[in-house]
Each structure stands twice: as structure tokens, then as C-alpha cells.
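Accompanying notes for the structure given below.
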Amino acid sequence: MSSSPINPAEWIVEADIAGMQEAMNTGTITSEELVQLYLERIRQFDGKLKSIIEVNPEALDIARGLDEERYEIGTRGPLHGIPILLKDNIATRDAMHTSAGALALADSVAVKDSFVAEKLRAAGAVLLGKANMTEWANFMSSTMWSGYSSRAGLCLNPYGPGELFVGGSSSGSASAVAANLAAAAIGTETSGSIISPASQNNIVGIKPTIGLVSRAGIIPISHTQDTAGPMARTVADVAVLLGALTGVDPEDEVTHGSSGQFYTDYTPFLDAECLPQARIGIPRFYYQDLDEDRLNIIEAAIRVLKEKGAEIIDPVELSCEQAEWDGHVLTYEFKKGVNDYLSRLPETVPVHSLEEVIRFNEEHADTCLRYGQDVLIHSEATSGTLSEKEYTDSLKRSVSQARQGLNGAFDEHKLDALLFLGSEGGDDLAARAGFPVITVPGGFAERGVIAPGGYTTKGPQGITFIGRAFSEPTLIKIAYGYEQATRHRVPPVLE
């Protein structure tokens, strides 16, 4: 890189995927050098943030091989040589572990890639490392802080470490991307676990339609609601990533529903001039508990959308606004899903069932049970067969009420999207319905959402758009139009 006109340490901050690809294509930088730059930033800044559980010891070798392939054959596409982090519940068949942040799985090495990891490798991405996360995707304890895992400790928000709420459970994926410790990351969501940390860390996150991205090889909570999704600093970058993750997978039957509805390239939908064709609904019921700072942010977003030509329907009512929600679906599905996953692990792993996880934690209580495990115990008390009436009734009620509420509003007002603040209510509705969500930096509140035990300081908030099933192209258009009109993304100042 001696002939390079750029200062690599400065250039890498806020570099986007297209810019990295252009730099590699022109010989300004190599993938190996990109990986080295990110590894150096991780060494310099992540001791405080704890956003990454482990780096891939093979990353430099992989990057070197991809550089040779670029020179000899050409690139595989826009992700060729790009360093990407994976949340620690996404299996990889390499030297890295897959543990969901749990010490019981700290030495668990997958024998097979998850569908997501396999697709990223095929696209030429460098799997840089595993991101910290709320342990068991925040399905372990009712008192656990977002971002905490027994393996890595508490992940912090780079805009106010120890002061601002980091969000979860894809905490490390968001924190690392925000701090420019990787080009982008993959998170997972059951209800808010991509959208919340993306919003709190001033990045973009997409929770796809259930079935757009396979869950095979991901440590589960709920087969009804789980999905993986991209997290990056720009809408353009999440569009690139999303296209690499889609496809029908025989190992996840729900993906068959995406046949004919998915794209392998979402970048054509990056249309900054799309807003005059958009109809966006304002569900005021979900704003009523917002404080003045957060209400100001969402009102400012509405003004920008109007100014750019979007048709705003205000207010919009949802038939499910007064619905009483419960968490039975997750409680019942977790035991079956986790037992199925753990039962396939090698004998060298100390746990092969939820019951054994609970026992392991009890035997290592000093390191594993800082916040207890009441949620695990509650799930273990179910049959694991998904035959209970409480489960089937709750599943039917949850899905139908959420879908009727959202689709009713979309149909009545001919909406393209509904507008929410961050993860304030909309993400749970979309999770139950299985519908897509995208959040984009929306500015900074004078009083940020504080971390437990922290104090109030200025903090980022996301603007969130929800659409119909498989409406990712429309959501990307709207989010990109809003992003280009506002450009609220600024990097944190790291120390």
C-alpha cells in the first residue's frame, strides 16, 4: 500500500462496501490489508467496547486467497474480499466457535456452515469474527442487561460507553459496525434484536420477511419469528448484503415461501428519487408514550418525508392497537428449537439439551449465572413437543392479530410503509406477523436512552419503516430516499 494516495487508517473510517471494492479493483488496497486495518482497530478500541467475542484466526489467509483469486480470475461480486462479522449464534465451519455467548458452548465448533455463512463465503466475503450478543439472544434471564454474555461480558455503545443503551440482542454486531471495526455484520432477530441495536448505535438494519433468509445453522429461539439480517452503516451496504443472503434452502422449509419473491441483488432499489411515489402511514397510537426528545425526532422525519414528496397519511389506526400480547410462542418454541440444535452437536460439547444447559449453568454459577436463568427454566418446564393448547392458541392469536392489524392498515390506506421510532412498538408487531422492517439513522436525541446504571447523554435514534411481506425492495427505496435526504449517520468518537 506504499503507492497508495490514501491514509489507510483514516480512509477505513466510514468506508462503504462500494468504495472498498473500487479500491481493491484499482489496486489501491488489498483484502488482506483491509482485514489488517480492521484487526488493528479491533485491538485499539474493542477492549473497551467488547463488541467482538473472537476474531477469525484464518481471516488473513482467507483474504490473501481472495486477493489472488481477484488477480487471476476476477471477483465473485460486490462482497469479494469484504470483511464481515457474524453474530455468535450463527454457525461457521472454521476455527471460530458458535456459542450464543454461553460458556456452556464456548468450545463448540460447528461441523457445518450455517446457510448464511455458506452464502457469504460463496460471495467472497471474509468472515472476520464473531460478534458479542446478549446471551442466548436475550432468552435466558428476565433481568439480563442487553449486550451481556458470560463469554465476553457487557458490550457497550460506542456513542456513550457505559452511558447509552446498546440495544440487543445483536449488540456486538451493531456496536462493531458503528465503531468501524468491520465493513458490516449479520445479526439475528426474533423481536427487535436487529432493529433495537441498529437504532441505538446509529446504523442501518434490516429484519427481513420470515422465509427470505434461511435459519439453518443458527441457534434458535422461535421458528415462527427468527431470522438473520444485515447491519451496516448505509442503506446501500445492507442492500448489497441482503442480496447475498437470500435463497430457498431445503433445510429450512419456510424459505420455500420466498420462491419467486426474493432478489439476489437489491441495489437496483437504491432510488433516492422514490419518495414522491411513496404513501407512508403514521400510527400515532405508538407515539403516545414517546418523550419530547424522541417525539421531536419522529416529527422531524415526517417533515422531511413530506418535503421530499411522500404522501403522509396521518393518523393511521391499526386494529391490533389494544391487543394483549403474550410471550407463550417463544417460551414453547425455544425448548424444541434449542434441543434440536444441541442434540446434533459433537459429543465433545458438554451440553446436548436445554436441561443440560441449565444444569451446566448451575454447576458454574459463579461465571454463568450473574443474572440467573429464569427464562431458560420457564421454557424447560414445557413439553418440548409444541402440543400444548396454550401454545397453539397463542400462536394463532399472535400471528392473526398482528397480520390483520398491519395488512388492514396497508389495504385501507394503500400504504407502502408504516413509520415508527426505532424499536418502539412496531418491531414486535412485525416480528409476530413475519413482516420486514428497516431502520435508518434518524438523528440524535439530547437525552439518549441510558444504559442500566448510566447517566443521560446525547444519543442516536433510528427511524423505522415496516412493510408487507416480501416488500424489502419498497422499504429499501423509502429508507434510501430518507437517508440521502438527511444523512444523520456520523461516526462515534473513540478513545
Practice prompt. Step by step, work out the side chain to side chain donor-acceptor pair (under 3.5 Å) result for Asp113 and Thr92.
Written response: CA-CA 4 Å; Asp113 267 344; Thr92 54; 5.3 Å; no
Item to complete: Only pairs at least two apart or in different chains count here, so list each ring-ring contact (aromatic ring centres under 6.0 Å, His included) that has a residue in residues 282-302.
Response: Tyr286-Phe420
Practice prompt. Would you check if there is a donor-acceptor pair between the side chains of Gln225 and Ser191 at a distance under 3.5 Å?
Written response: no
Item to complete: Begin with the C-alpha distance, continue with both residues' side-chain angles, and end with the deciding distance and a verdict on salt bridge (Lys or Arg N to Asp or Glu O under 4.0 Å) for Glu189 and Lys207.
Response: CA-CA 7 Å; Glu189 174 159 328; Lys207 194 281 289 191; 5.3 Å; no
Practice prompt. Could you verify whether a donor N or O on one side chain and an acceptor N or O on the other, from Arg233 and Asn202, lie under 3.5 Å apart?
Written response: no
Discussion item. Can you tell me how the ring of Tyr391 sits relative to the ring of Tyr332, calling it parallel under 30°, perpendicular over 60° and tilted otherwise?
Written reply: tilted
Item to complete: Determine the sole option in Thr255, Asp249, Thr227 for which the side chain to side chain donor-acceptor pair (under 3.5 Å) test with Ser214 is passed.
Response: Asp249
Discussion item. Using a strict threshold of under 4.0 Å (side-chain N to carboxylate O), is an ion pair present between Glu380 and Lys335?
Written reply: yes
Item to complete: Establish, from distance only, whether the side-chain atoms of Glu472 and Thr209 form a donor-acceptor pair under 3.5 Å.
Response: yes
Worksheet item: Just checking, any donor-acceptor pair under 3.5 angstrom between side chains of Glu135 and Ser149?
Response: no
Worksheet item: Between the side chains of Ser169 and Ser193, does any donor sit under 3.5 Å from an acceptor?
Response: yes
Discussion item. How about NZ on Lys119, more than 12 heavy atoms from neighbouring residues, nucleotides or ligands closer than 6.0 Å, or not?
Written reply: yes
Discussion item. Between Glu299 and Arg284, is the salt bridge (Lys or Arg N to Asp or Glu O under 4.0 Å) condition met? List the steps.
Written reply: CA-CA 11 Å; Glu299 294 292 357; Arg284 289 279 170 186; 2.6 Å; yes
Worksheet item: Is there a donor-acceptor contact under 3.5 Å from the side chain of Asn138 to the main chain of Thr134?
Response: no
Worksheet item: Are any of the side-chain nitrogens in Lys336 or Asp340 under 4.0 Å away from the carboxylate oxygens of its partner?
Response: yes
Discussion item. Within the 4.5 Å heavy-atom criterion, are Tyr371 and Met140 side-chain neighbours or not?
Written reply: no
Practice prompt. Apply salt bridge (Lys or Arg N to Asp or Glu O under 4.0 Å) to the pair Arg468 and Asp411, showing each step before the final yes or no.
Written response: CA-CA 10 Å; Arg468 295 178 183 269; Asp411 291 342; 2.5 Å; yes
Fill in: Donor + acceptor pair across side chains of Asp46, Ser51 (<3.5 Å)
yes
Worksheet item: Does a side-chain N-to-carboxylate-O contact under 4.0 Å join Arg447 and Asp293?
Response: yes
Item to complete: Give a yes or no on whether the backbone of Lys396 and the side-chain of Ser400 come within a donor-acceptor separation of less than 3.5 Å.
Response: yes
Discussion item. Under 4.0 Å between a side-chain nitrogen and a carboxylate oxygen: does that hold for Arg489 and Glu14?
Written reply: yes
Discussion item. A side-chain contact here means heavy atoms from C-beta on lying under 4.5 Å apart; do Tyr148 and Asn132 qualify?
Written reply: no
Practice prompt. Kindly state whether the ring of Phe269 and the ring of Tyr480 have centres lying under 6.0 angstrom apart.
Written response: no
Worksheet entry | Side chain Gln21, main chain His80, donor-acceptor under 3.5 Å | yes
Practice prompt. Please work out whether the ring planes of Trp136 and Phe334 are parallel, tilted or perpendicular, with thresholds of 30° and 60°.
Written response: perpendicular
Worksheet item: So, are Arg215 and Asp252 salt-bridged, with charged N and O less than 4.0 Å apart?
Response: yes
Discussion item. I'd like to know if the side chain of Ser379 and the backbone of Leu376 have a donor-acceptor N/O pair within less than 3.5 Å.
Written reply: no
Worksheet item: Between Ser173, Ser170, Ser171, which is the residue that forms a side chain to side chain donor-acceptor pair (under 3.5 Å) with Lys87?
Response: Ser170
Worksheet item: How far apart are the closest heavy atoms of Asp88 and Gly101, and which atoms are they?
Response: OD2-N, 3.0 Å
Discussion item. Counting only heavy atoms from other residues, nucleotides and ligands, does the tally under 6.0 Å from CD of Gln288 exceed 12?
Written reply: yes
Worksheet, complete the sentence: Applying side-chain hydrogen bond (donor to acceptor under 3.5 Å, both in side chains) to Asp16 and not counting sequence neighbours gives none
